[in-house]
Amino acid sequence: MSWAGLLDDLVFDYTLRTVALGTAIIGVISGVLGCYALLRRQSLLGDAISHAALPGVVIAFMITRSRASIVLMLGALVSGVLATLLILAVVRNTRLKEDSALGIALSVFFGLGLMLLTVTQRMSDARQAGLDRFLFGQAATLVVADVITMAVIAGLAIGLVLLFWKEFKLVSFDPDFATSMGFPARGLDVGLTTLLVVAIVIGLQAVGVILMSALVVAPAAGARQWTNRLGTMTILAGLFGGFSGVAGALISNTRSGLSTGPVIALVVSLITLASMLVAPNRGLIWNWVRRLRQRQQFRSETVLVDLLALSQQHDSLSYGHSVDAIHAMNRGRRGEVRTLHGLRERRLVTGTGDGMWSLTEAGEAEAQRILQENDGAQAALTRSQIEVAP
Amino acid sequence: MTADSAPLALEVTDLTVAYAEKAVLWDVDLAVPAGTLMAVIGPNGAGKTTLIKAILGLLKPAAGQVLLSGKGYEQQRRRVAYVPQRGSVDWDFPTSVLDVVMMGRYGDLGWFRRPRRREQEMSRKALVEVGMEDFADRQISQLSGGQQQRVFLARALVQDADIYFMDEPFQGVDATTERAIIGLLQRLRADNKTVVAVYHDLQTVAEYFDWVTLLNVRRIASGPVSEVFTAENLRRTYGGRIGFVEGISHPTDMLEAETDQ
């Protein structure tokens, strides 16, 4: 199916529109709260919570025999919160560190969930309930009532984030300072974590417990690359998440039986990967270009200074020097010819024919300036070493 | 009014803090008059940071009482400023210098109210005081260690407090920052503010501070530098790991801490 066809469906296909709206809401809310998880170094907590929600879903079904989303989501919420409490208890009362506690909670709860799921699959009505959609997510199972529930919950969560904006920012940056001013850092922390659990739980049906953490971590990590402001980062993460949700729902709609979770996870990972590579200032490509430029500048300066040294031996600026001489002075570094051509374009050196090179007057001035600057830096370095020495 | 009748800026009684039943601070008493610059010194693990955190209620003490100008911390929060160790936060957090300084106003703003122009102006003024006015819009990860420290000091300044608690403000800072901090301390003293700072450099204690507390789990001594900053007290605090030349009023001649044992 073509992209135009997909968009056409999005506008006119009632079911698909509902589904895409649902996954968009999921993406936005998990992107927004994922920012706080990322900044408080709690991304793994998101992973543990989403896996730990599985037994809650199955048990909620076993008790109520209902397949209503709201019932199953409540079950997921309860077991997600229980897992969080278990993690806190393990960290506080044992010598285990947080990563071990996260691993324990994740595997114990997820293992229990898988076991219960296998058991319930043998019951006749359970197969129809399609609980296994909670593993990898099936956005197509979302109905209008689900989407309305999700929209209300997500709206509330985002409203709380806006209301407590200043407090959440403070407690994420410097909890001790927050406490010293009278803000209940522990309470705000619990509040943020609870909102994270809520964001995860409403996404489980469409994205699944296994890959939901991708929607928590990836949009925030991608958004961080583009900005140095928390507000912008939060908005961007919401947009990345929302876009991935819609794209995932549309793409998985093209093949019957294609789970939404993996598709959404792939889309959001691609966005994040691209952000890691191309974002200005923090992106890898940007860094690489910057390093290359620095190296090139260092080479140019070295060659200029070397030519100056050579010309001083001959008492004549226009005396030509061979590339080999410069190469030897550079202790075998490559690329002098290219550097020399670059310098000629800047009119700092001239080629005197036969592969011989000399400084222009501008080049001589530039070389002197470089030497003086280096002297200054050298002197400052020596001074600071003297100051540091006992 | 004599010093005796004025309430003390800080009064700590029998303060004891324990981690897992092991005492890190034991039965500490302090009495600091207003307008004093006090250094808290002691070896690593002596409980200096713990002392400050316990006074500020960041740690729950096992026993003891803390009074600030005669009242409990809960009532005096607005009159207290805190400069945590600069390594205690993530400097890659997506926020600007001005934003961090404005956080010092959050306590007075209270719940839900956002900082406005007044808070911005106070923060810019504080940045001028620490010589960081040109950095207001910088992302905080672009700062050097000394600049980070000055941002934290500016944040404490906008708290507009009477007593300042500083945890290692001189830790790993450059000469410019050290001068800025010293200038700041002197201005605070001139305004009759009280400063309690965890400090490490024994050679300059007498130069920068009026009072000193020598701490090693217990309070070894606390009082005016001229009275308690003695060879005997230093030896008791650092457990003989410190060399001291008799006859010099300030122990400027210090030997290496560990290797000399």
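Remember, it's a predicted structure, so these values are computed and weren't measured experimentally. Order of the sequence lines fixes the chain letters, A, B, ..., with proteins taken first and strands second; residue numbering starts at 1 for each chain.
A distance of 6.0 Å or more separates the ring centres of A/Phe177 and B/Tyr106. When ring centroids are compared, B/Trp111 and A/Phe183 come within the 6.0 Å threshold.
Atom CZ of A/Arg369 has more than 12 neighbouring heavy atoms from other residues, nucleotides or ligands inside a 6.0 Å radius.
Going from atom CG of B/Asp90 over to atom CZ of A/Arg41 covers 4.5 Å, rounded to the nearest 0.5 Å. Going from atom CE of B/Met102 over to atom CG of A/Leu170 covers 12.5 Å, rounded to the nearest 0.5 Å. Distance check, rounded to the nearest 0.5 Å: CG of A/Asp176 to OH of B/Tyr82 gives 5.0 Å. For the atom pair CZ of B/Arg77 and OG of A/Ser180, the computed distance is 8.0 Å after rounding to the nearest 0.5 Å. For the atom pair CE of A/Met181 and CG of B/Leu56, the computed distance is 12.0 Å after rounding to the nearest 0.5 Å.
Contact check on A/Lys166 versus B/Asp99 returns no salt bridge, with no Lys/Arg side-chain nitrogen under 4.0 Å from an Asp/Glu carboxylate oxygen.
Contacts between A/Thr232 and chain B at a heavy-atom distance below 4.5 Å are absent for every atom of the residue. B/Val80 does not touch chain A: none of its heavy atoms, backbone or side chain, sits under 4.5 Å away. Neither the backbone nor the side chain of B/Glu74 has a heavy atom closer than 4.5 Å to any heavy atom of chain A. Interface remark: B/Tyr73 contributes side-chain atoms only to the contact with chain A (heavy atom separation under 4.5 Å). At a 4.5 Å heavy-atom cutoff, the contact between B/Val100 and chain A is made by side-chain atoms alone.
Taking non-hydrogen atoms and a 4.5 Å limit, the residue list of residues 278-292 of chain A in contact with chain B, ordered by number, reads A/Arg282.
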